[in-house]
Amino acid sequence: MHRFLYISTVRRTLSDAELEDILVASRRNNRLADVTGLLVVGNRRFLQVLEGPEDAVNSTFSRISKDQRHYAVVQLNNKAIAARSFARWEMGFQRGGDVNEGSTLEEQVASLLEPVADANLKAYFSGFAKSHSQPAGETTNMRH
Ligand SMILES: Cc1cc2nc3c(=O)[nH]c(=O)nc-3n(C[C@H](O)[C@H](O)[C@H](O)COP(=O)(O)O)c2cc1C
C-alpha cells in the first residue's frame, strides 16, 4: 500500500462544472483502480493525496501529472503505508482557503487546510509541509 502527496498550480481558474468533471472522472477511475484520497483546492493550488496499491497510485499520478489543467506539479511525499487514511473516499473534495502568491509551501498548505475539520489530517499535512517548506517560486515541474 502506498501514499502519494503532491501540490500543483491551476493553469486558469476552473469553473464548478470543470471541477465536477475532474471529480467524476477521478471517482470512476479510482474506484476501478482501488485508489482513494483527498483533493483540496485553493484559489490557485491543488493539494492531493492518493492511496492504494503502488502500481495503481503511480499510474494514476502519471496520468494526472500530464493533465493540462494544472502545472508545476511537485511531489511532496511518496511512501509505503500500513493502512489507508482515506479509505472511505474514492476522491474526497475540499475547498481550501486563499493561497497567496509568494507564500512558502508551508503557508500554502496551511491555507488550503484551513477549512478541513479533521485535526489529525491537518497535523499530518502541515507537519509534512513544514519539513519540506520552500519558497513557492522554487517549485519545479515534475514529469514522470
Ligand atoms: C488536480 C487534478 C486531480 C485529478 N485527480 C485524479 C484522480 O484522482 N484520478 C483520476 O483518475 N484522474 C484524476 N484527474 C484527471 C486526470 O488527469 C485525467 O483527466 C483522467 O484520469 C482521465 O480519465 P478518463 O480517461 O476516464 O476520462 C485529476 C486531474 C486534476 C487536474
Side-chain angles (χ1 to χ4, degrees), residues 1-118 120-122 124-129 132-144:
M1 196 62 68
H2 246 72
R3 178 184 295 134
F4 198 108
L5 184 68
Y6 75 83
I7 191 163
S8 67
T9 304
V10 183
R11 196 169 292 283
R12 54 171 188 79
T13 307
L14 298 176
S15 67
D16 287 350
E18 288 170 311
L19 278 172
E20 187 62 27
D21 284 348
I22 292 175
L23 286 173
V24 167
S26 300
R27 287 170 179 154
R28 183 185 60 229
N29 294 335
N30 295 355
R31 180 166 49 237
L32 293 173
D34 195 22
V35 169
T36 52
L38 174 69
L39 178 64
V40 181
V41 60
N43 46 355
R44 297 225 48 218
R45 303 267 190 257
F46 285 117
L47 176 75
Q48 189 174 30
V49 56
L50 299 165
E51 295 175 339
E54 187 171 5
D55 286 355
V57 168
N58 286 341
S59 60
T60 300
F61 177 68
S62 124
R63 205 167 58 241
I64 295 170
S65 67
K66 296 186 191 101
D67 195 312
Q68 292 301 306
R69 289 171 286 195
H70 63 172
Y71 68 102
V73 178
V74 180
Q75 180 181 327
L76 300 180
N77 186 229
N78 183 12
K79 67 167 189 180
I81 49 168
R84 297 175 196 251
S85 299
F86 305 95
R88 289 177 296 130
W89 293 333
E90 274 133 18
M91 188 45 62
F93 178 68
Q94 176 80 55
R95 248 176 229 287
D98 285 346
V99 178
N100 295 319
E101 295 299 328
S103 52
T104 63
L105 182 63
E106 186 184 349
E107 288 161 350
Q108 290 176 19
V109 171
S111 299
L112 287 172
L113 292 174
E114 218 169 300
V116 175
D118 186 323
N120 287 333
L121 188 58
K122 263 180 134 144
Y124 172 77
F125 282 126
S126 54
F128 188 85
H132 291 75
S133 208
Q134 57 178 325
E138 286 174 22
T139 54
T140 50
N141 195 352
M142 284 205 21
R143 291 260 170 245
H144 285 247

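Whatever order the structure lists them in is the order used to number ligands and atoms, beginning at 1.
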Under the salt bridge (Lys or Arg N to Asp or Glu O under 4.0 Å) test, residues paired with D34 that sit two or more places apart:
R84
Atom 6 (C) of ligand 1 sits nearest the protein heavy atom S26 OG, 2.9 Å
Short version for I64: what comes under 4.0 Å of ligand 1, heavy atoms counted, is both
Who's the nearest protein heavy-atom neighbour of atom 21 (O) of ligand 1, and how far?
R63 NE, 2.9 Å
In terms of residue, atom name and distance, what is the protein heavy atom nearest to atom 25 (O) of ligand 1?
N29 ND2, 4.7 Å
Per-residue contact class, V41 against ligand 1 - non-hydrogen pairs under 4.0 Å:
neither
Identify which of E18, R69, R28 has a heavy atom lying nearest to atom 27 (O) of ligand 1.
R28
Quick test: of every protein heavy atom, which one is nearest to atom 17 (O) of ligand 1, and how far off is it to 0.1 Å?
D67 OD2, 2.6 Å
Where at least one partner belongs to residues 47-64, residue pairs that pass salt bridge (charged side-chain N to carboxylate O under 4.0 Å, His left out), sequence neighbours excluded:
R3-E51
Proximity of K66 to ligand 1 by residue part, where a heavy atom lies under 4.0 Å:
neither
Using a 4.0 Å heavy-atom cut-off, which part of Y6 comes near ligand 1: side chain, backbone, both, or neither?
side chain
Proximity of T60 to ligand 1 by residue part, where a heavy atom lies under 4.0 Å
side chain
Given the options F46, F61, Y71, Y6 meets ring-ring contact (aromatic ring centres under 6.0 Å, His included) only with F61
